[in-house]
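A short worksheet on the structure shown next.
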Amino acid sequence: MGSRIEMGAPRAGRTAAVRAASPLVLLAGVGKSYGAMTAVEPLDLAVGHGEFLAILGPSGCGKTTLLKMIGGFLAPSTGTIRIGGADVTRLGPERRPTNMVFQGYGLFPHMTVAQNVAYGLRLQKRPAGEVAERVAEALRLGALEGFDARPVTALSGGQQQRVAVARALVMRPKVLLLDEPLAALDLKLRKAMQEELRRIHRSIGGTFIFVTHDQEEAMGLASRIVVMERGCIVQDGTPEEIYAEPKTRFVSGFIGEANMLPGRRERGLVRVNGSLCFPDPGPDGPITLMLRPEAARVATGESPVVGIDSLALRGQVRDIVFLGAVTRYAIAIEGGTLLHVTDSDSELRRRLEVGVPVTVHWPQRSHRVIAEA
Amino acid sequence: MRRGGILWHGFAGLVLLFMLTPLFILVLFCFSRNALLSFPIAGFTLDWFRKLFEHPQFWPSLRNSLIITVTVGVVSTVAGTMAALATARLRRAWSISLTLLVTLPVMLPPLMLGVALLSYFASIGMRLGLPTVIMSHLVFTQPFVVAIVAARMASFDHAAVESARDLGASRLRAFFNVTLPIIRPSVIGAALIAMALSLDDFVVTLFTIGGGSTLPIFMWGMLRKGVDPTINVIAVLLMLLSIGISLVGLRATRYRG
């Protein structure tokens, strides 16, 4: 059951090929600096039809600046922005085929829900019948039926958020921009709104770009994630790619939990933590070994059975935290570094207690060796 | 009720009485037959109203006061709101310094302001009259408007205005559709304060009006000839005017949100 609201562009596949062939949004060398301070280094970015793109990064990384440049609220210092083939670099927000959902929503507090949603259409001087029809559709899409006449100030945070989304979508933008859309909501609502946003994106098949500092939110919503650090794009890929193959130490630490072990590579041989040594081709120099907590296993006993291509480190259990579905073990390995390992095996949990000597092991393919710059 | 409670309530009552008695007596003497402001009251009369309304200077003074008050109210509100909106866009340090600069005239004693304005108008050869009074009043009313509207803008959600722009509104349209309705109560409050200050002003007006007269100046002229209850009648009229303005304002600012 699809909604009749459609975004300005036809539906399109999400494959990389389509993305490259006709990007909907194309940023070329776009950067922003304030005097000597650079908020966004000149960067290129192409966003295809139908993508749900997350721009992810810590606060101050330039992600909101980038979004505001796409929306026309900030003029880039360098580069050009094209949307649907047209150069919009010098156009104000009112003349771009984009609409934005602001952090804090920016609702009009002196208007009702329906008046808020109808505002943009009224400005376009659409006939009253069309306005009423499109507003009703947008409210239905936002699950806001029956709220038409309510003042927006009387709504809960989640409802206000849906009004903001409906108010933007009623304009049928080619691209919907969302600035930290879920940041103001509490945890439970955030989960519910994630589902809402995914449902809305599915039902209209539009192109969404959103900014967030919350990696879980990015993983949960986006079909593609762009990770930013200090004004630069450090990685661009699907959530799976970024989680499994983070390109830098920063990305691996930012996306999901990760154990980081410092080491060195010399002539194709990586040494970590004194005792660990394995072949891994690449340039010589310092490296970081990145290991996800769920990728490692814990074994007890003097000579545990470890796979042929596995690596193992001896250690001692320091802390056990039961998290429900999994249990998290903090294990001090030789040298004192703490490794975190998560495991769902309840039998293992019964056997382990703080102080027990254990072996942490993992297959070689499940860690990543990241060369340090 | 506890003893302490009764004492406190009694004290509060006395304070109220002390503050309101002059107003009450003011109104009372408007209708008294006594030519002097003294007790006991000899009887009820409306003669003082008739006497005031027949006074050749009363109507021109009222007219001047209304022209000045309304003009000052409108101009200082428009200009002050624009100034406050401009400072709201600046960085914090800049906006504070600018607001301080704009509000500087308020810190001058009215007497100094009056003398300064008089010599200024004399030096540029401008004839004294209602225009000079209006300009002078703007000097000390506009800072209040700037301060009040700027305080409102400090907690203003700029995302609402940006949303309006995003939905297709020009800057001007976003201002009238979004900014103004949201800050309207503060703007109206600021206008009322500006009007009350202007209506009430005596010192600055005296220096800058030249030959004419406003209600406060008319009152002052009468006081010099001797106190009779007509003074009370003017005072009561001024009071009613102020209360009227405030009531209109309160109704207009009723914020549904």
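Proteins come first, then strands; the chains are lettered A, B, ... in the order of their sequence lines, and each starts at number 1.
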Rounded to the nearest 0.5 Å, what separation is found between the [atom1] atom of [X] and the [atom2] atom of [Y]?
{"X": "Arg173(B)", "Y": "Tyr119(A)", "atom1": "CZ", "atom2": "OH", "answer": "6.5 Å"}
{"X": "Glu162(B)", "Y": "Met100(A)", "atom1": "CD", "atom2": "CE", "answer": "7.0 Å"}
{"X": "Glu94(A)", "Y": "Arg171(B)", "atom1": "CD", "atom2": "CZ", "answer": "8.0 Å"}
{"X": "Asp157(B)", "Y": "Tyr105(A)", "atom1": "CG", "atom2": "OH", "answer": "11.5 Å"}

Inset, instruction - Heavy atoms only, distances under 4.5 angstrom: which of Met171(A), Gln103(A), Arg167(A) has the most pairs with chain B? Name it, please. - result: Arg167(A)

Inset, instruction - Find the one option among Gly72(A), Gly104(A), Gly106(A), Ala164(A) whose heavy-atom pairs under 4.5 Å with chain B are most numerous. - result: Gly106(A)

To check you understand the geometry: which heavy-atom pair defines the closest contact between [X] and [Y], and what is its length?
{"X": "Ala164(B)", "Y": "Leu123(A)", "answer": "O-CD1, 4.4 Å"}
{"X": "Met111(A)", "Y": "Asn177(B)", "answer": "CE-O, 4.0 Å"}
{"X": "Ala160(B)", "Y": "Phe108(A)", "answer": "O-CE2, 3.1 Å"}

Enclosure of [X] [atom1] (heavy-atom neighbours >12, cutoff 6.0 Å):
{"X": "Arg199(A)", "atom1": "CZ", "answer": "yes"}
{"X": "Arg230(A)", "atom1": "CZ", "answer": "no"}
{"X": "Met239(B)", "atom1": "CE", "answer": "yes"}

Inset, instruction - Indicate yes or no: at least one non-hydrogen side-chain atom of Asp166(B) is less than 4.5 angstrom from one of Phe73(A). - result: yes

